[in-house]
> 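Here it is: the structure, laid out below.
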Amino acid sequence: MAPGTADGPSNGSVKPKEEEGSAQPSLFEIDDTDISRLLEKPRTLNIERKRSFDERSFSEMSITMSPRNNFYRMADNSSRGFDNLDGVYSPGRWTGTPRSGYFEPHPIVGDAWEALRRSLVNFRGQPVGTIAALDNSSEDLNYDQVFVRDFVPSALAFLMNGEPEIVKNFLLKTVFLQSREKKVDNFKLGEGVMPASFKVLHDPVRNTETILADYGESAIGRVAPVDSGFWWIILLRAYTKSTGDATLAETPECQRGIRLIMTLCLSEGFDTFPTLLCADGCCMIDRRMGVYGYPIEIQALFFMALRCALLLLKPDTEGNNDCIDRIVKRLHALSFHMRSYFWLDIKQLNDIYRYKTEEYSHTAVNKFNVIPDSLPDWVFDFMPTRGGYFIGNVSPAKMDFRWFCLGNCVAILSSLATPEQSSAIMDLIESRWQELVGEMPLKICYPAMESHEWRIVTGCDPKNTSWSYHNGGSWPVLIWLLTAACIKAGRPQIAKKAIELAESRLLMDQWPEYYDGKLGRFIGKQARKNQTWSIAGYLVAKMMLEDPSHLGMISLEEDKQMKPQMKRSASWAF
């Protein structure tokens, strides 16, 4: 796409460069009159909050400081005291530096807030998002755009800081962009597809601003973003939980937006699995990395979006009841499938190692006809005695045993992972700290593909070389997901250790996009500096660790009705 340059902090909008001989862009002008009624100040609602943590609110818990590690702990010594925080949120406003609490403000927090505010993008005088990076070296790429997935940690930071208007503006702009006709070449995309990103264009001659959206037609590989719609629903629910204002989610526009996304994902086809079939490069890993099929990142986000949609859709509204019924059925099937077939611990690994093949019956043990000789050598050393994780992909005759951070963290937050599985994932992270965290959190996936495998799977991608970028690179943005997952699993000390590692370098290194090397020791060879979601991810992790009740906006309690009888071994039972 043609690059743009961000205006200064006073404006924050994006100006385009001249485009010569380019194809006609998908240009969408959003009129102020279309959304003015939706941007009114939200009404104050009296919403009855659910009581969590065994019918006790978080504020009723006694939190004390542990003299051993100078960290908070539950007075009742519960090992999973943070499991059920749905419905728990105590707002507080940060104004550049954090509120005093259990932690002294770190010197880089103020710099992080200043950098985050410099990344703001305005549309007709209102902030509507944050650009991907404030890096002058990225002028030939699309880092000057507002990405849906990239904005999520920024949105959470603003919500935690008591600044919901920018999040509301973003949600409204993107749902209007969803309603536009979307074409790649001569093919029309589904109605429910959300944009991967958008860009504010300023015409200084006519003094007008318009929005240019990208639905994948300009992306590398021309792949539509499957995760954008899921993140939008998750963020809408976070906004509703944070503000207590349900009026935005209940507008016809947002109800229709949710319904379109759900219809797109729940449409009937030739699938025999409840998981979503996806192309490579359709999520955070947006380049060829062998994640085609049923990647854990998409399945975990799909599960969480289904649960959020179930909470947001209004019954007895046109088309909603049928959609709700289909969501409930899919959730039951998806939770069983993921917990049964994607979960791996040492006992299950041993079972796969001993699988028979070519089984033909309803009682087959090796249901996907996985060839035991296809198991990679590294997984036998990687799997600890206590611990487990959701593997990267499961499809006919294929199991991708790689660890993917985002998918496993979202599985914990959405309660796709049972409390026992969540604890096992934490055990794995602790026992494989050097491999998954190293000197800079966190590995996006592990291990990296090398030599012949790298050439075949990535197509010799020069950006995804071994232990770089998506191929085993370390991404600071993931620290907010790790922190949220650790708190929910009752293991906040893991997050604290990871945050301290990040604090030692992020500001000094100018907030890189990612780090390279087996230990994450080196700034990525093509990493952009001042990467917005690296900044926002740190702030969200820091705020959440100081005030764990923030977790309520991004975490869902376990639905007991969806808990299947686990027929397979569990890493926690020895």
Side-chain angles (χ1 to χ4, degrees), residues 1-9 12-17 108 111-121 129-155 157 196-200 214 218-221 225 227 281 283-287 289 405-406 439-445 461-465 467-481 502-503 505-517 520-541:
M1 294 189 70
T5 56
D7 292 341
S13 61
V14 178
K15 296 180 181 179
K17 288 186 177 180
I108 75 171
D111 293 280
W113 272 110
E114 289 178 12
L116 181 60
R117 296 191 188 284
R118 285 197 301 271
S119 71
L120 283 171
V121 173
T130 52
I131 61 173
L134 282 167
D135 187 340
N136 294 330
S137 67
S138 60
E139 290 185 355
D140 58 331
L141 296 172
N142 54 0
Y143 285 82
D144 61 349
Q145 298 186 21
V146 179
F147 281 81
V148 173
R149 76 174 67 94
D150 290 38
F151 180 67
V152 171
S154 296
S197 63
F198 64 85
K199 181 176 181 178
V200 176
D214 177 17
S218 298
I220 296 172
D227 62 338
C283 50
M284 180 181 176
I285 297 178
D286 58 1
R287 300 168 75 92
M289 270 288 292
C405 179
L406 192 151
E439 296 184 16
M440 175 56 66
L442 284 141
K443 289 293 179 197
I444 188 172
C445 72
D461 188 348
K463 195 167 185 178
N464 271 331
T465 53
W467 306 108
S468 180
Y469 202 54
H470 296 141
N471 189 15
S474 299
W475 290 69
V477 62
L478 295 172
I479 200 168
W480 82 263
L481 283 161
E503 286 175 333
R505 288 194 58 182
L506 282 178
L507 181 60
M508 178 180 64
D509 294 341
Q510 300 177 57
W511 307 99
E513 180 183 10
Y514 64 95
Y515 286 77
D516 285 353
R521 182 175 294 173
F522 306 100
I523 297 173
K525 59 186 176 182
Q526 295 188 42
R528 267 55 196 179
K529 301 291 185 68
N530 297 305
Q531 187 80 12
T532 304
W533 70 355
S534 295
I535 297 165
Y538 164 74
L539 287 173
V540 171

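Sequence positions, counted from 1, serve as the residue numbers for this chain.
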> By side-chain hydrogen bond (donor to acceptor under 3.5 Å, both in side chains), which residues pair with Tyr469, not counting sequence neighbours?
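Partners of Tyr469 by the side-chain hydrogen bond (donor to acceptor under 3.5 Å, both in side chains) criterion come out as none, since no residue qualifies.
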> Among residues at least two apart in sequence or on other chains, which ones pass side-chain hydrogen bond (donor to acceptor under 3.5 Å, both in side chains) with Thr130?
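side-chain hydrogen bond (donor to acceptor under 3.5 Å, both in side chains) check on Thr130 returns Ser154.
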> Could you report the tightest heavy-atom contact between Ile523 and Pro512, atom names first, then the distance?
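For Ile523 versus Pro512, the nearest heavy atoms are CG2-CB, 4.0 Å.
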> Over all heavy atoms of both residues, which pair between Ala133 and Gln531 is shortest? Give the atoms and the distance, please.
CB-OE1, 3.4 Å
> Please report the shortest heavy-atom distance between Lys463 and Lys525, naming the atom on each side.
O-CE, 4.2 Å
> Excluding sequence neighbours, so at least two apart, what forms side-chain contact (heavy atoms from CB on, under 4.5 Å) with Val540?
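So Val540 forms a side-chain contact (heavy atoms from CB on, under 4.5 Å) with Leu156, Ala157, Met160, Trp480, Met544.
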> Just how far is it from atom CG of Asn464 to atom CD of Gln526, taken to the nearest 0.5 Å?
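So the CG of Asn464 and the CD of Gln526 are separated by 9.5 Å.
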> As an exercise, state the distance from CG of Leu134 to CD of Gln510, rounded to the nearest 0.5 Å.
12.0 Å
> Using the test salt bridge (Lys or Arg N to Asp or Glu O under 4.0 Å), find all partners of Asp461 that sit at least two apart in sequence or belong to another chain.
Arg287
> Check the side chains of Glu513 and Tyr143 for a donor-acceptor pair under 3.5 angstrom, ignoring hydrogens and angles.
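Short answer, yes.
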> Testing the basics here: between Lys443 and Ser474, what is the closest heavy-atom pair and its distance to 0.1 Å?
NZ-OG, 3.3 Å
> State, with a plain yes or no, whether a side-chain heavy atom of Leu506 is found less than 4.5 Å away from one of Pro476.
yes
> Go through the structure and list residues passing side-chain hydrogen bond (donor to acceptor under 3.5 Å, both in side chains) with Tyr514, not counting sequence neighbours.
none
> Return the set of residues passing side-chain contact (heavy atoms from CB on, under 4.5 Å) with Ala155 (not counting sequence neighbours), or none when no residue passes.
Phe151, Val167, Leu235
> Between the main-chain N or O of Lys529 and the side-chain N or O of Asp135, is there a donor-acceptor pair closer than 3.5 Å?
yes
> For Gly129 versus Val146, what's the shortest heavy-atom pair and its separation?
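Gly129 and Val146 have their closest heavy atoms at CA-CG1, 4.0 Å.
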> Please identify each residue that fulfils side-chain contact (heavy atoms from CB on, under 4.5 Å) with Ile444, with sequence neighbours left out.
Met284, Ile285, His470, Trp475, Leu478
> Which residues pass the side-chain hydrogen bond (donor to acceptor under 3.5 Å, both in side chains) test with Asp150, sequence neighbours left out?
none
> Got a second to check how far Ser197's OG is from Asp144's CG, nearest 0.5 Å?
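Here the rounded value is 9.0 Å.
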> Are side-chain heavy atoms of Leu116 and Thr532 found at a separation under 4.5 Å?
yes
> Evaluate the side-chain proximity of Pro153 to Val477: yes if any heavy-atom separation is below 4.5 Å, no if none is.
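In short, these two side chains touch, coming nearer than 4.5 Å.
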> Looking at side-chain heavy atoms only, is the closest gap between Trp467 and Asp516 below 4.5 Å?
no
> With sequence neighbours left out, write down each residue that passes salt bridge (Lys or Arg N to Asp or Glu O under 4.0 Å) with Asp227, or none if nothing qualifies.
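Expected list: Arg149.
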> Report the distance from atom CG of Leu406 to atom SG of Cys283, rounding to the nearest 0.5 Å.
8.0 Å
> What's the shortest heavy-atom distance between Ala112 and Ile535, and which atoms?
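Smallest interatomic distance, heavy atoms only, reads O-CG2, 3.2 Å.
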> Distance check, rounded to the nearest 0.5 Å: Trp533 atom CH2 versus Phe147 atom CZ?
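Those atoms lie 9.0 Å apart.
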